[in-house]
Amino acid sequence: MAMAGSAIGLGNIWRFPYMVGQYGGAVFIVVYLTACIFLSLPILLSESIIGRSTQSGTFGAMEKLAPGTAWKWLGLLTVFSPLIILSFYSVVGGWSIEYLWQSVTSGFGDDVSTLFGSFISAPWGALACHTIFLALTAIIVLAGVKSGIEKFNKVSLPVLFILIIVIMVYSLNLPGASSGVSYMLKPDFSKLTPSVVAAAMGQSFFSLSLGVGTILTYSSYMKKSDNILTTGLGSAGFDLLFALLAGFAIMPAVFAAGIEPGAGPGLIFETLPFIFAKMGAAAPVVSRIVSILFFVTIVIAALTSSISMCEVGVAYLVEEKGMSRLKATLLIFAGTWTLGTLCSLSFGPLSEVHLFGDTIFDFCDKLTSNYLMTFGSLLFVLFVGWKMDRAAVCREFTNNGTLRANSFLFGLLYFLIRYIAPVVILIIFVTSL
């Protein structure tokens, strides 16, 4: 549940729908599904094998398996990458808290068209919500893996699925929703371009939290008797299912409202409140309940992923630097809050500050999604496929030969890890450049 929670988050419910809208609808989904099965799953299993075999976080794992080599830099890369993601991720998490507050207190009225723009451009409200979201993340992480992260995910994930299904059923019954369903189900392969392929594969990395050490860190807490394949398939399967549910919950509603599906990162925050406002005119109580449920879903989804990103840095400081969990959590909070503040202000007072042509927020998003996650994923599959001993990988994957089903599939998955994944990831990386 914790590993699935790491994967399921804003990447599914916020990023996936607007990426579908920007990159051609169903054709994007076809490439995304293919990437999840044949590329992302081998990467996820590679991280799991490293983490479970060493029982260490990213830096410690590299030191144990390849002591005194340059592979330690992979460990450091995967400590800092998720913290950069957490910095801008917590800004979006803060937006969801603000919209949840709006749903509970006043609902959505005639000002929905300007609500999002005015909120993100005014610094203090967005900063306060960013701070609240990060504080919630830190509190859960501070409680530890068993008492905090595991307990939170065991309750929140089932609730998350129930909420998104309720919202999807409502969305599919809106007038005009059938156009959104067709957009999701009927691929137009004339729209298939290298940028669509790169974006879909990059989304599968972002959605599953690959290449940044979160899966490796969670796997380091797994028991030696746990089945890596079952856990990996479960995590990837839940993530994939939730992304599709989120797409069918949001895209039909977007078409029902006559909104442009390629509206970008603000899609759910700009369009769905408009729908709730229209619904409120006819059924205010139903509108209030649905909007509250929707933004509760987003907050929960965001937290299940943010705690995994925070845990990577905390684990490094506790295991490698000997810090107490409290001190490590506070230090990570301070660092991500500072960078996240700059990301938040890039929609207001710092909107004219650009790094390589992008705002601070967009730069952090592009840096991690297009480069750091892709590069980290490439190094993980190269390490498992070419650096680790094949027999050792097989023993870890099959629990020393006791899992016969895993043994049967090992040859196929090892072939994907060793030969297919590195080539495809390299192509994605070059395309991104």
Side-chain angles (χ1 to χ4, degrees), residues 9-11 14-23 76-96 98-99 113-131 133-134 193-196 198-203 205-207 211-212 260-271 302 305-306 309 313 332-376 428-433:
L10 289 176
W14 162 66
R15 203 171 190 270
F16 178 76
Y18 89 74
M19 292 290 281
V20 170
Q22 285 187 327
Y23 289 97
L76 286 174
L77 171 70
T78 51
V79 168
F80 289 106
S81 295
L83 298 181
I84 298 173
I85 298 173
L86 179 59
S87 299
F88 73 82
Y89 195 93
S90 61
V91 174
V92 183
W95 298 347
S96 63
E98 165 65 17
Y99 273 68
S113 60
T114 59
L115 180 62
F116 182 72
S118 60
F119 170 68
I120 64 173
S121 60
W124 299 117
L127 278 179
C129 291
H130 158 61
T131 304
F133 182 84
L134 261 186
T193 63
S195 61
V196 170
M201 291 183 174
Q203 171 62 20
F205 291 178
F206 189 93
S207 181
V212 292
E260 169 58 42
L267 182 67
I268 62 173
F269 295 102
E270 292 182 281
T271 60
S305 293
S306 66
M309 290 182 268
I332 295 299
F333 173 86
T336 52
W337 182 86
T338 302
L339 180 55
T341 296
L342 297 177
C343 290
S344 181
L345 293 176
S346 70
F347 292 95
L350 299 182
S351 59
E352 298 302 317
V353 177
H354 288 79
L355 300 173
F356 300 98
D358 293 309
T359 65
I360 299 172
F361 181 97
D362 289 338
F363 173 78
C364 290
D365 187 359
K366 185 180 291 185
L367 174 66
T368 51
S369 303
N370 290 17
Y371 304 111
L372 295 182
M373 299 184 84
T374 307
F375 188 57
I428 298 169
F429 191 68
V430 172
T431 303
S432 297
L433 289 173

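- Between the Y99 side chain and the F269 main chain, a donor and an acceptor come within less than 3.5 Å of each other.
- A distance-only check finds a donor-acceptor pair linking the side chain of S346 to the backbone of C343 [under 3.5 Å].
- Once rounded to the nearest 0.5 Å, the distance linking CH2 of W124 with OG1 of T131 reads 10.0 Å.
- Atom CG of residue L115 and atom CD1 of residue I120 lie 10.5 Å apart, to the nearest 0.5 angstrom.
- Side-chain N or O atoms of S90 include one that pairs as donor or acceptor with a backbone N or O of S87 at under 3.5 Å.
- Between W95 and F361, the angle of the ring planes stays under 30°, which puts this pair in the parallel group of the 30/60° scheme.
- The line from CG of L134 to CD1 of I332 is 11.0 Å long, rounded to the nearest 0.5 Å.
- Between Y89 and T336 the shortest side-chain heavy-atom distance does not fall below 4.5 Å.
- With sequence neighbours left out, T193 forms a side chain to side chain contact (heavy atoms under 4.5 Å, CB included) with S195, V196.
- Two residues are said to be in side-chain contact when any heavy atoms from C-beta on lie closer than 4.5 Å; L372 and V212 fail this criterion.
- Taking every heavy atom of both residues into account, E352 and H354 meet most closely at O-ND1, 3.1 Å.
- Annotation: the span from K366 atom NZ to T359 atom OG1 amounts to 9.5 Å, rounded to 0.5 Å.
- Side-chain atoms of H130 and W337, non-hydrogen and from C-beta on, do get closer than 4.5 Å to each other.
- Y18 meets the side chain to side chain contact (heavy atoms under 4.5 Å, CB included) test with W14, R15, Q22, P265, L267, D365; sequence neighbours excluded.
- Here the closest non-hydrogen pair linking G340 and V91 is O-CG2, 3.3 Å.
- In this structure a side-chain-to-backbone donor-acceptor pair under 3.5 Å is missing from S81 to T78.
- Nearest heavy atom pair, residue S121 against residue P349, reads O-CD, 4.2 Å.
- The shortest distance between side-chain heavy atoms of L339 and L86 does not fall below 4.5 Å.
- Taking CZ of F347 as the start and CZ of F119 as the end, the distance is 11.0 Å to the nearest 0.5 Å.
- Atom CG of residue L345 and atom CD1 of residue I360 lie 7.5 Å apart, to the nearest 0.5 angstrom.
- Looking only at distances, no side-chain donor or acceptor of S207 sits under 3.5 Å from a matching main-chain atom of Q203.
- Shown here for E98 and C129, the closest heavy-atom pair between the two residues is CB-SG, 3.8 Å.
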